[in-house]
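For the numbers below, each heavy atom of this structure counts, side chains included, while hydrogens, waters and symmetry mates do not. Indexing begins at 1, ligand by ligand and atom by atom, following the structure's order. Since the structure is predicted, the reported quantities are computational estimates derived from the model, not experimental observations.
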Amino acid sequence: MNSIESLVRPNIRALCPYSTARDEYEGKLGIFLDANESPYPTGWNRYPDPHQKALKEQVAALKGVPAECIFLGNGSDEAIDLCFRIFCTPGEDNAIAIAPSYGMYAVAADINDIGMRQVPLGTDFSLPAEELLAAADAHTKLLFLCSPNNPSGNAFEPAELEALIRRFPGIVVVDEAYADFSAKGSLRERLPELPNLIIFQTLSKAYGLAGLRLGMAFASSYIIRLMSMVKYPYNINQSTQELVSRALQTPIADRVEETVAQRARVAAALPAFRCVKRVYPSDANFLLVQVDDADTLYTHLLADGIIVRNRSRVPGCAGCLRITIGLPSENDQLLQSLSAYEKGDIHR
Ligand SMILES: *Cc1c(COP(=O)(O)O)cnc(C)c1O
């Protein structure tokens with residue numbers, strides 16, 4: 001058994017997966033009397049492709065990753081949950097995550113009864129590599145990193161991430177949900193060198209398809225086979241497969257470019273407000289902003305119809321609001337509302 005195999009739960013290693021009717025016969029033409037579907041055409045009477053072959057070929061071409069190294073899930077949420085179910089024995093194993101970071105890692109750990117060890121980021125949200133390594137023990141199976149990180153907004157140096165992945169004794173997940181907005185790019189092309197790496201990306205942010213629910217994981221073909229074996233057979237419905245396939249034909253570069261330009265503009269405008277204490281550097285489509293009185297400002301913005309995320313109770317984010325970059329006109333309104341707040345024209 002190699003070192004990656006030995007990280008897999010014994011029951012998963014031994015799993016004989018469910019075989020669908022569509023696994024046994026894959027042709028497109030014929031009289032389908034094999035899956036107990038309705039023969040009456042409603043538009044959706046046939047089961048979708050459980051392997052999402054056509055969509056994976058499209059994602060493979062777009063991302064430069066072979067189709068056998070791609071998993072497609074019902075949002076990144078599905079991929080997060082699968083990592084726990086594949087690698088961690090409930091009540092026995094543990095996982096590590098940076099903190100502050102995306103809340104779903106800890107929730108999925110709790111649901112699966114897996115201990116989660118949160119390691120605080122260093123000064124200015126730097127990667128605490130030595131502390132993360134020191135937190136691992138013989139039962140540690142997973143490490144969750146997020147770059148660019150939510151909610152801090154910063155991306156870690158690819159070389160720093162790679163050095164940590166090489167030294168870490170378990171699986172390392174690098175969540176790149178916001179990589180499209182970052183000049184530091186993706187670790188995708190390093191995958192062949194790093195057998196313990198799983199990369200998450202999503203269509204929910206830069207691609208503007210949050211409502212369709214499509215998350216992607218990139219990893220070795222061995223890990224992808226495990227994920228495909230454990231997922232629900234028809235995890236991506238027919239309409240999502242079709243609509244995503246169509247949407248991927250529209251390039252996102254212009255929208256990403258505008259968002260990055262707007263991020264620079266809002267980040268440059270914010271420090272002029274007295275209530276703003278600090279604007280953290282961002283490689284994502286949001287800004288983490290430390291303000292004088294986060295709760296009061298949050299309520300003021302809300303009364304103006306502007307909804308931001310109050311992160312002020314998250315350890316490491318005291319006094320902070322997380323503000324997504326919107327359309328130019330929406331960002332204008334945000335800045336106008338801040339002006340009104342400072343003129344004393346505040347809602348309480
Ligand atoms: C928004 C976000 C996602 C996206 O999750 P989906 O389930 O794909 O919508 C994943 N990771 C992070 C860190 C995020 O902030």
TODO: Run down the list D175, L212, N150 and name the one with the heavy atom closest to atom 12 (C) of ligand 1.
DONE: D175

- [ ] Have a look at ligand 1 and work out which part of E78, if any, has a heavy atom under 4.0 Å from it: side chain, backbone, both or neither.
- [x] neither

Open item on the list: Take a 6.0 Å sphere around CD of E189 and say whether it holds more than 12 heavy atoms from other residues, nucleotides or ligands.
Closed with: no

Task: Atoms of ligand 1 close to R213 [distance to a heavy atom under 4.0 angstrom, numbered from 1] - done: 6 (P), 7 (O), 9 (O)

Task: Proximal atoms of ligand 1 relative to K205 (non-hydrogen, under 4.0 Å) - done: 1 (C), 2 (C), 3 (C), 4 (C), 14 (C), 15 (O)

Open item on the list: Are any of the N/O atoms on Y105, whether in the backbone or the side chain, positioned under 3.5 angstrom from an N/O atom of ligand 1?
Closed with: no

- [ ] Check each atom of ligand 1 against the heavy atoms of C146 and keep those under 4.0 Å away; list them by number with element.
- [x] 13 (C)

- [ ] Could you tell me which atoms of ligand 1, counted from 1 in the order shown, lie closer than 4.0 angstrom to a heavy atom of D77?
- [x] 7 (O)

Open item on the list: Looking at F32, I'd like to know if its CZ atom is crowded, meaning that more than 12 non-hydrogen atoms belonging to other residues, nucleotides or ligands lie closer than 6.0 Å.
Closed with: yes

Open item on the list: Would you say N150 and R322 are linked by a side-chain donor-acceptor pair, where the criterion is simply a distance under 3.5 Å?
Closed with: yes

- [ ] Only pairs at least two apart or in different chains count here, so list each ring-ring contact (aromatic ring centres under 6.0 Å, His included) that has a residue in residues 115-146.
- [x] F84-F144, Y105-F144, F125-Y280

Task: Y178 contact mode with ligand 1 (heavy-atom cut-off under 4.0 Å) - done: side chain

Open item on the list: Is the contact between M104 and ligand 1 made by the side chain, the backbone, both, or neither, using heavy atoms and a 4.0 Å cut-off?
Closed with: neither

- [ ] Would you kindly say whether E258 and Q262 are connected by a side-chain donor-acceptor distance under 3.5 Å?
- [x] no

- [ ] Check the surroundings of atom CD in E68: do more than 12 heavy atoms from other residues, nucleotides or ligands lie under 6.0 Å from it?
- [x] yes

Open item on the list: Could you tell me if D180 and Q201 have a donor-acceptor pair between their side chains, going purely by distance under 3.5 Å?
Closed with: no

TODO: Give the atoms of ligand 1, by number and element, whose distance to some non-hydrogen atom of S204 is under 4.0 Å.
DONE: 6 (P), 8 (O), 9 (O)

